[in-house]
J.: 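Below you'll find the structure I mean.
All figures in this text were calculated on a predicted structure; none of them were measured in a lab. For the single chain, residues carry numbers from 1 onward in sequence order.
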Amino acid sequence: NGVLLVKIKCNMQGQLTTRLWTPTGEKLPWTKELGNDMRGAMVRPVIAVAKIWSSGAMWGLTVECRKAIVEMADVEFPDDL
């Protein structure tokens, strides 16, 4: 019915770890605080098609985020969000 759902897998460790970079080319390390730090950030992912699947009348496309450019925003969020 014209509905498209996209999910992107980001690996935090291992051989296929998603590499994160700043717009100036500095590498961002994966940390526990990174999720909170990325609130409001603009993320430009580089994705790779991992597989195409079908099941009956449904089909899907699985993609992985291999690297991303992350531009942090100077936005303050209240703690109760």
J.: Check whether any side-chain heavy atom of Gln13 lies under 4.5 Å from a side-chain heavy atom of Trp30, and answer yes or no.
T.: no
J.: Identify whether Leu20 and Met12 are in the same connected component of the hydrophobic contact network (ILVMFWY, side-chain heavy atoms under 4.5 Å).
T.: yes
J.: Find out if a path of hydrophobic residues (ILVMFWY) with successive side-chain heavy-atom gaps under 4.5 Å connects Met72 to Val43.
T.: yes
J.: Can you see which heavy atom on Cys65 is nearest to which on Thr18, and at what distance?
T.: O-OG1, 2.6 Å
J.: Kindly determine whether Leu28 and Thr22 satisfy side chain to side chain contact (heavy atoms under 4.5 Å, CB included), including the steps that lead there.
T.: CA-CA 7 Å; Leu28 289 174; Thr22 66; 3.8 Å; yes
J.: Calculate, to the nearest 0.5 Å, the distance between atoms CD and CZ belonging to Glu71 and Arg44 respectively.
T.: 6.0 Å
J.: Which pair of non-hydrogen atoms, one from Gln15 and one from Arg19, has the smallest distance, and what is that distance?
T.: O-NH2, 4.4 Å
J.: How many angstroms lie between NZ in Lys27 and NZ in Lys67, if you round to the nearest 0.5 Å?
T.: 12.0 Å
J.: Would you call Val49 and Thr62 a side-chain contact if the rule is heavy atoms closer than 4.5 Å?
T.: no
J.: Examine Trp59 and Ile47 and state if one hydrophobic cluster contains both, with Ile, Leu, Val, Met, Phe, Trp and Tyr joined whenever side-chain heavy atoms are less than 4.5 Å apart.
T.: yes
J.: For Asn11 and Leu16, which heavy atoms make the closest approach, and how far apart are they?
T.: ND2-O, 3.2 Å
